[in-house]
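Only one structure is covered here, and it is reproduced in the block below.
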Amino acid sequence: MASGSSSNSIGTEDGYVLEPQGEHRVTIVWLHDVHENSYISLQIVRSLNLRNIKWICLDSGTHVDVFSPGGGVPRNSWCNVGMITDTTQDCRDELDSAAVRVANILSTEPENVIKGVGGVGQGAQVALNFAKWNAVGDHTMNMRLVIGINSWRIPTNRIDYAFGAAIRASWQSILLIRGNLEPSIPLYFAKETAVSLIDDGFGEVSFVQFRMLGPEITVSVLKKVEVWLSGKLPLDPN
């Protein structure tokens, strides 16, 4: 991939990195939806125009899409694309493998930097699953922020059995956004996810539903993310 110093973005073998404007205070890993890629993620995070945040946009690699014409065609995705409701052990194993990638990336960031993860669709599913397993202790680090836009269904296993999980969960604030016209994600999935995260003791779970919105990422969605992050983070004004 080509790098672009004038735009402050750098292409890497894993995707793109958008360097912060000003002092580096926050690092957020952003994960794309199925059939998309890190360049689409780069356009999303760049449009937020928030200073002091380093954005790391990862590429998923390819997995099997059983719904593609002919079946079994490799597509960009974080795990094999079956039912959007899939929470089987194979699905969980693949989600955990993706979480390991996120953990490895964030573990190389400075300790004094606030860390977060976010994504769209299947990428949001990975982000939320990573938040839960970070609380459990599988990938512990100084996580503070999680954003999920039109997330696929996540495993709803409880995390309160793990030592220290309640404390680690309470450190994380979560923003869930869903369009009520998103055809592939029933509303009760989104509400089930929010209830599961609240039950697990996450510090703050904000659930926002946009009327007349489908899977597209609109200006209104981006503005909500921008305002939420600006209220949570010590960012310099533009």
Could you measure the distance from the CG atom of Asn76 to the NE2 atom of His35? Nearest 0.5 Å is fine. 8.5 Å

Roughly how far, to the nearest 0.5 Å, is OG of Ser9 from CG of Leu18? 6.0 Å

Please determine whether residues [X] and [Y] belong to a single hydrophobic cluster, defined as Ile, Leu, Val, Met, Phe, Trp and Tyr linked transitively by side-chain heavy-atom distances below 4.5 Å.
X: Ile114; Y: Leu48; value: yes
X: Leu235; Y: Val113; value: no
X: Trp171; Y: Ile174; value: no
X: Phe202; Y: Ile198; value: yes
X: Phe210; Y: Ile44; value: yes

[X] versus [Y], closest heavy-atom pair with distance:
X: Ser41; Y: His32; answer: OG-CB, 3.3 Å
X: Met143; Y: Gly116; answer: SD-CA, 4.1 Å
X: Gln172; Y: Asn134; answer: NE2-ND2, 3.5 Å
X: Gly118; Y: Ile28; answer: N-CG2, 4.2 Å
X: Ile147; Y: Ala127; answer: O-CB, 4.3 Å
X: Arg178; Y: Phe207; answer: CB-CE1, 4.2 Å

Do [X] and [Y] have side-chain heavy atoms sitting under 4.5 Å apart?
X: Lys223; Y: Val227; result: yes
X: Ile56; Y: Asp14; result: no
X: Ser230; Y: Leu50; result: yes
X: Leu128; Y: Leu176; result: yes
X: Gln21; Y: Ile53; result: no
X: Leu197; Y: Thr193; result: yes
X: Lys224; Y: Ile177; result: yes
X: Leu145; Y: Leu233; result: yes

Can you see whether Thr27 engages Glu109 through a side-chain donor-acceptor pair at a distance of less than 3.5 angstrom? yes

May I ask you to check whether Ser196 and Lys132 show a side-chain donor-acceptor distance below 3.5 Å? yes

Ignoring hydrogens and angles, tell me if any N or O in the side chain of [X] forms a donor-acceptor pair with the backbone of [Y] under 3.5 Å.
X: Asp59; Y: Ser38; result: yes
X: Ser151; Y: Gly148; result: no
X: Asn238; Y: Asn49; result: yes
X: Asp33; Y: Gln122; result: yes
X: Asn52; Y: Glu23; result: yes
X: Ser60; Y: Ser77; result: yes
X: Asn150; Y: Gly121; result: no
X: Lys115; Y: Pro110; result: yes

Would Arg101 and Leu58 satisfy side-chain contact (heavy atoms from CB on, under 4.5 Å), going step by step from the backbone distance to the final call? CA-CA 9 Å; Arg101 280 192 66 193; Leu58 293 182; 4.0 Å; yes

Here's one to test your reading of the geometry: is the NZ or CZ of Arg46 within 45 degrees of the ring axis of Trp55 and under 6.0 Å from its centre? no

Output all residues satisfying side chain to side chain contact (heavy atoms under 4.5 Å, CB included) with Ser206, sequence neighbours left out; order by chain, then residue number. Leu175, Glu204, Trp228

For Asp236 and Arg25, run side-chain contact (heavy atoms from CB on, under 4.5 Å): C-alpha distance rounded to whole Å, both residues' side-chain angles, the deciding distance at 0.1 Å, then the answer. CA-CA 10 Å; Asp236 294 334; Arg25 299 173 188 164; 3.0 Å; yes

